[in-house]
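The next block holds one structure in the form of structure tokens; read it before the comments.
The shown structure was predicted, so the numbers you read here are calculated from the model rather than taken from an experiment. Labels below follow one simple rule: chain letters A, B, ... track the order of the sequence lines, proteins then strands, and each chain is numbered from 1. Note that these values count all heavy atoms, side chains included, but never hydrogens, waters or copies made by symmetry.
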Amino acid sequence: MKLKFIGLDYDYFNLEGQDYVKITGRSSERKSVCLVDKVDNFFYVLSKKPEKILAKIWKVKDVKKAEILEKSYLGKKIKVIRIYCDYSKTKDVGDKIKRVDKNLETRERDIGLITRYITEKGLKPLVWYEIEGELITGNDFGGAGNLDFDLCLSLKESKELDEKEFNPKVLAFDIEVENLEIGKGEILMISLVSDNFKKVLTWKKCDRRQEYVECFKDEEEILEKFGEYVNKIDPDIITGYFSDGFDFPYLRARAEENGINLKLGREKSRILFSRGRPLNAKIKGLVHVDLLKFIETVYSQYLQSETLGLNDVSKELLGEGKLEVDHEIKADDRSEKQWKDYFEYNLQDSILTYKLFHKLWPDMLEFTRIVQEPLFIINRFSMTGLVENYFIHNLNRFNEIAEKRPLYEEIGKRRMRGKYEGAFVLQPKPALYENLAIFDFTSMYASIIVSFNLSHPTFLEKKEKDSQEVELEKGKKVYFSKKKGFIPSLLEEIIVLRKKYKKELREKPDAIKKARSNAFKLLANAAYGYNGFFGARYYCLEAAASTAALARKFIKQAINKTEKQGYKVIYADTDGFAFLLNKKTKKETKDFLKILNSHLPGIMELELEDFYKRGLWVTKRTGEFGAKKKYALITEDGKLKIRGFETVRRDWCYLAREVQNTILNDILKDGNQEKALKFTKAVIKKIKKREVDKRDLIIRTQLKKPLSEYKSEGPHVAIARKMQEKEIPVDIGMLISYFVGESKKKRALVRERALLPEEKGEYDIEYYLNHQILPAVENIFEVFGVNVKEIIKGSEQKKLF
DNA sequence: GGATAGCTGTTACC
DNA sequence: ACCGGTAACAGCTATCC
């Protein structure tokens, strides 16, 4: 029979010596479909004389087939032996072959069977196909026909379709518990949200409840009901926020405690966990998406949120946040009203998760289609994982066999290697400037990698004739082949595609085009980091160091040319520089940009970032030099661009950031400091009169490692310890909040004065004046010759007399 | 013993 | 399991008077 099909989840099995992939997905009529397709597992053996050992390899146990092929490895043509065997025997067969001759090496034993299936022209995830298959019934294919799908087919033919749209059915869920430690308390309630569906399942005080609350006898019943609802709703995707690390582990622990066997989805799967850390929770035949994971790797760079918690992220992306509820009250002490609030709170979390999913879906969909790994995997990949798998899924076009993943020992060696010189940063001269422009290189590092062919396979151990030479530092040169490598080729393609989709997006915007353009941009940006990453298959520190060295060379060159043209360059960092127009017109400046571009090699390109009305650079707090990576600009239509200032740092109190932001605004808009100074004086007065709200004085710092590993006990570490004593859970990654209070002790350390936000105590006037407000404004006023320190001191003396 | 300079550890940003 | 550069804090330590 024929139908339109889209694949969501992949699994595999072996039957009578043949490997199969089982794809679960949907038909265009939304029928649930399971599809079985053959896959032949193989790997490669590298040998100097493949013909000589071929016969011996045929004799190794469990080898199904061995053939000699012309392939390419690290860009060089070679003859290799391709070995076919059952997937489960891959390791074993490889080890036995190595015993035939100790000089033999294997490759692609570390390619998973599903990846293999997809690269060898199997069905790609989240792509529509017209398929033709044979109905599987009963016990065929090990009982696949007995699974709870509308249709189970064995695949005969498939044709990729052009159709792009796919709206999956999604179920979002969230649990509430009393004890946050996994499995250590009871699950009080579970909320579920899907299309036109809202439920809170609970077994706590619900005699007078909201209509969406369903009441049960005990925890066991809500767990069972949860399973029933998942199966009744029959979603394509089940999603949560940090559900890999919290909700699913908790659900499984409590199910075990209650002696029930949760069977989820059409395959009646248990909740399965990966070995090691971080945990990930898988349900066969039902894709579990943990939104936090995707946000961490792909989305966080676009977010302003100070944490990646559900509340902050929802507020920014959806414009609504979590509800408030007091978690401290023990379950038995909650009033009826408090329970109703708690149900509402629990439901809201699932509503937010459900909405966030749809906001992020175009991005997850496009990354899945571009990188071609299943959604479950894409959701959990790091940025380098996405880059590397994009390469792997495109190797066949270059007839390449994959380099091996580095093992523990090799990773150790790589980590021992020293650092290399990074970007160039020009020291600015502190001042308020007028009429500026910024030029920057588009995807500078990626365009250098492409233009100079920098990668592991193109790297040459020593100089060869007609090779590309790069000087890393004085007298230290490295060489790369000029024959275009597959990594620079793929990267060039990524850059070209990004441009194409960006243009299409401008012409006719939609969420899918935006996501696609964005995905290619992110892949291009991550390629440089990939080269220098110790875990990469195609690790090449020389390529990374060369990229940085060439970037330094070209930005310096551009700066020199710009100065020669009569402009004054004020500042530069890595891939862009700011300069004064010096009475030249915008038109002249744009024309000059064209000249600069005509002399750049390869696909390198400079672009005009913007023109600015004013820009402010300040001194460092130590010394009279201009501070790097710290500046504020305003465009002609009043848009602010603030970099590096305390304003953008979350480990400063809100008041200091607010004051700084206000005065930067005033100064850039008016071009003078009068208004800003008046405002600052008013704030100083307010602090001294203790009129400032304590909430505006809270400082938040992230805990980056376990408490025991800190050598130096900063204020946030001291507070974290205090929290632990009070049995407030403290974990790595948490933002620790505190304020600085007064102390009777003279010269007390900050950590001795630090107090929890809810602790009683007056704030320390001296600390907030001299350690928060002063550092935030001092350098800015210094540009105008105003000494804020004197102002603070002066008003202190006035008070004394 | 207290003050202070300079170094180290730490966080956050470009 | 992404790179290096930079600012700036608080804590820590050597050194001086």
Is there a side-chain polar atom (N or O) of [X] under 4.0 Å from OP1 or OP2 of [N]?
X      : N      : value
A/S712 : B/dT10 : no
A/K705 : B/dG9  : no
A/R753 : C/dA10 : no
A/K630 : C/dA7  : no
A/T574 : C/dG4  : no
A/Y767 : C/dA10 : yes
A/Y539 : C/dC3  : no
A/H771 : C/dA10 : yes

Indicate, with a heavy-atom threshold strictly under 4.0 Å, whether [X] touches base, sugar-phosphate, or nothing.
X      : value
A/Y445 : nothing
A/R643 : sugar-phosphate
A/F424 : nothing
A/G529 : base
A/A544 : nothing
A/K629 : base
A/G535 : nothing

Does the side chain to side chain donor-acceptor pair (under 3.5 Å) test come out yes or no for A/Q702 and A/H716, once each step is laid out? CA-CA 8 Å; A/Q702 196 182 26; A/H716 73 297; over 6 Å; no

Closest to the [X] side chain, choosing from [options]:
X      : options               : value
A/F534 : C/dC3, C/dA7, C/dG5   : C/dC3
A/K620 : C/dC12, C/dA8, C/dC3  : C/dA8
A/T701 : C/dC2, B/dT11, C/dG11 : B/dT11
A/R649 : C/dA10, B/dA12, C/dC3 : B/dA12

Round to a whole Å and report the spacing from [atom1] of [X] to [atom2] of [N].
X      : N     : atom1 : atom2 : result
A/L386 : C/dC2 : CG    : P     : 10 Å
A/N389 : C/dC2 : CG    : C1'   : 16 Å
A/H716 : C/dA8 : NE2   : P     : 19 Å
A/R415 : C/dA1 : CZ    : C1'   : 7 Å
A/Y408 : C/dA1 : OH    : C1'   : 13 Å
A/L749 : B/dG2 : CG    : P     : 14 Å

On the ring face of A/F424, is A/R552 found with NZ or CZ under 6.0 Å from the centre and within 45° of the axis?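 Here A/R552 fails the 6.0 Å and 45° test against A/F424.
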
For the rings on A/Y539 and A/Y530, is their centre-to-centre separation under 6.0 Å?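 No - the distance between ring centres of A/Y539 and A/Y530 does not fall below the 6.0 Å cut-off.
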
A/E316 side chain to A/Q304 main-chain N or O, any donor-acceptor pair under 3.5 Å? yes

Have A/H288 and A/R380 got a donor and an acceptor in their side chains that come within less than 3.5 Å?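 Present: a donor and an acceptor within the cut-off.
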
Non-hydrogen atoms of A/L756 and A/K722 that approach each other most closely: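 Of all heavy-atom pairs spanning A/L756 and A/K722, the closest is CD1-CD, 4.2 Å.
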
